[in-house]
There are 2 protein chains.
Amino acid sequence: MSTHSIQTRDPDPAPIFAALGDRTRLSLVMKLSDGQTRSIAKLSADTEITRQAVTKHLRVLENAGLVSSSRVGRESQFALRPEPIAEIRSYLDEVSRQWDDALSRLRSFIEQ
Amino acid sequence: MSTHSIQTRDPDPAPIFAALGDRTRLSLVMKLSDGQTRSIAKLSADTEITRQAVTKHLRVLENAGLVSSSRVGRESQFALRPEPIAEIRSYLDEVSRQWDDALSRLRSFIEQ
DNA sequence: GATATAGGCAACCAGGAGGTTGCATCATGA
DNA sequence: TCATGATGCAACCTCCTGGTTGCCTATATC
């Protein structure tokens, strides 16, 4: 297995958050969130930055497991992978749940 | 208004993701997710890195709106702010919703 | 085969991130 | 008031990040 495209379950959500912590990469994720597959050329068509910069961002997303790529003819097709998104969603749900629990405990304490 | 502690509604979720994209900061968020308030000394008690490094991370979280701080006596008390977390939760919900919609459209197309 | 298109690779650059050390400041408590 | 504990400030360092440019390779297409 190469060091690229690590798609195994990662118990640490920080790299996923880090991969999403960039405007350009977030917009790439949004473009791919319709389930369609897109080439690098198409993904860098309406951006200010160069194709190479977009490619770098796509590799970052791929290393975080957020997208997958496959060569089709002369172009690389990229697709969104929803698993890491589900992972950090459940992580944030856990944080919110702890927060809500603490709040309701405080509320019931006050009402005593 | 200072450049620190920007807590107004930010339409760009990327800085929030970026602030969470670090192991140390994620663990700080987890520690504060019980709704309790903690000083810098307490938050850097059981970490490997120095107090100053923890302080820097707390300022990053504060600039992203994820925590708030207030000086109480000789210590700075930090508390979690749930609003940015709710913001990126709804953002991720939107991505997942678009993904699910695309999937069900594909499914119904196949079944035709 | 010649040409245009899609992508990969590598070097390079400026600036920021994460971390440290050293020292100053402020509040507390005996 | 004086020692201690909590924090702030600033300089410094290394490494990573986001971006560029130049060039090479591979695939279509005419």
Side-chain angles (χ1 to χ4, degrees), chain A residues 2-6 12-32 36-79, chain B residues 2-6 12-32 36-79:
Chain A
S2 76
T3 62
H4 294 278
S5 179
I6 299 168
D12 181 15
I16 304 174
F17 283 118
L20 295 176
D22 180 279
R23 243 187 210 86
T24 303
R25 288 197 293 268
L26 261 189
S27 82
L28 288 172
V29 165
M30 284 306 281
K31 284 180 186 174
L32 292 174
Q36 299 291 324
T37 256
R38 282 171 185 80
S39 69
I40 296 178
K42 180 152 289 184
L43 286 171
S44 47
D46 54 344
T47 59
E48 303 292 319
I49 61 180
T50 59
R51 170 184 59 85
Q52 286 81 352
V54 172
T55 301
K56 280 194 181 182
H57 283 300
L58 286 170
R59 297 305 170 200
V60 171
L61 289 173
E62 189 173 22
N63 287 338
L66 280 160
V67 303
S68 62
S69 71
S70 61
R71 196 70 186 259
V72 176
R74 65 176 163 185
E75 41 190 35
S76 273
Q77 294 294 330
F78 282 81
Chain B
S2 77
T3 61
H4 294 279
S5 180
I6 299 167
D12 181 15
I16 304 173
F17 283 118
L20 294 177
D22 179 279
R23 244 188 209 84
T24 304
R25 288 196 293 269
L26 261 190
S27 82
L28 289 172
V29 166
M30 285 305 282
K31 284 180 187 174
L32 292 172
Q36 299 291 324
T37 256
R38 283 170 185 80
S39 69
I40 295 178
K42 179 152 290 184
L43 286 171
S44 46
D46 54 344
T47 59
E48 304 290 321
I49 61 180
T50 59
R51 172 184 58 85
Q52 284 84 351
V54 171
T55 301
K56 280 193 181 180
H57 283 300
L58 286 170
R59 297 306 169 199
V60 171
L61 289 173
E62 189 172 23
N63 287 339
L66 281 160
V67 302
S68 62
S69 71
S70 60
R71 195 70 185 256
V72 177
R74 64 178 161 183
E75 44 189 33
S76 272
Q77 293 294 330
F78 282 82

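So you know, we letter chains A, B, ... as the sequences are listed, proteins then strands, and number each from 1.
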Asks: For the pair made of CZ in B:R59 and P in D:dT7, what is the distance, rounded to whole Å?
Replies: 10 Å
Asks: What integer distance in Å separates A:R23:CZ from D:dT17:C1'?
Replies: 16 Å
Asks: Determine whether the side chains of B:Q77 and B:S70 contain a donor N or O and an acceptor N or O closer than 3.5 Å.
Replies: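 Their side chains do not contain a donor-acceptor pair, so the 3.5 Å distance test is not met.
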Asks: Could you tell me which residues satisfy salt bridge (Lys or Arg N to Asp or Glu O under 4.0 Å) with B:K42, sequence neighbours excluded, listed by chain and number?
Replies: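 In terms of salt bridge (Lys or Arg N to Asp or Glu O under 4.0 Å), with neighbours along the sequence ignored, B:K42 is linked to no residue.
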Asks: Strictly below 4.0 Å: does B:S76 bring a side-chain N or O up to OP1 or OP2 of D:dG8?
Replies: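 It does, given that an N or O in the side chain of B:S76 lies less than 4.0 Å from OP1 or OP2 of D:dG8.
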Asks: What is the minimum heavy-atom distance between A:T47 and A:L43, and which atoms define it?
Replies: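 Result for this residue pair: CG2-O, 3.8 Å.
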Asks: Please give, in whole Å, the distance from C:dA17 P to B:L58 CG?
Replies: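 Taking CG of B:L58 and P of C:dA17, I get 16 Å after rounding.
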Asks: NE2 of B:H57 to OG of B:S44: how many Å apart, nearest 0.5 Å?
Replies: 11.5 Å
Asks: Could you check how far NZ of A:K42 sits from C1' of C:dT5, rounded to whole Å?
Replies: 14 Å
Asks: Are any side-chain N or O atoms of B:R25 and backbone N or O atoms of B:A19, one a donor and one an acceptor, separated by less than 3.5 Å?
Replies: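 At least one qualifying donor-acceptor pair exists.
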Asks: Can you give one letter per nucleotide of nucleotides 18-30 of chain C, 5' to 3': B if a protein heavy atom sits under 4.0 Å from the base, S if only from the sugar-phosphate, - if neither?
Replies: SBBBB----BS--
Asks: Under 3.5 Å, is there a donor-acceptor pair between the side chain of B:R38 and the main chain of B:K31?
Replies: yes
Asks: Could you check how far CD1 of A:I40 sits from P of D:dT25, rounded to whole Å?
Replies: 18 Å
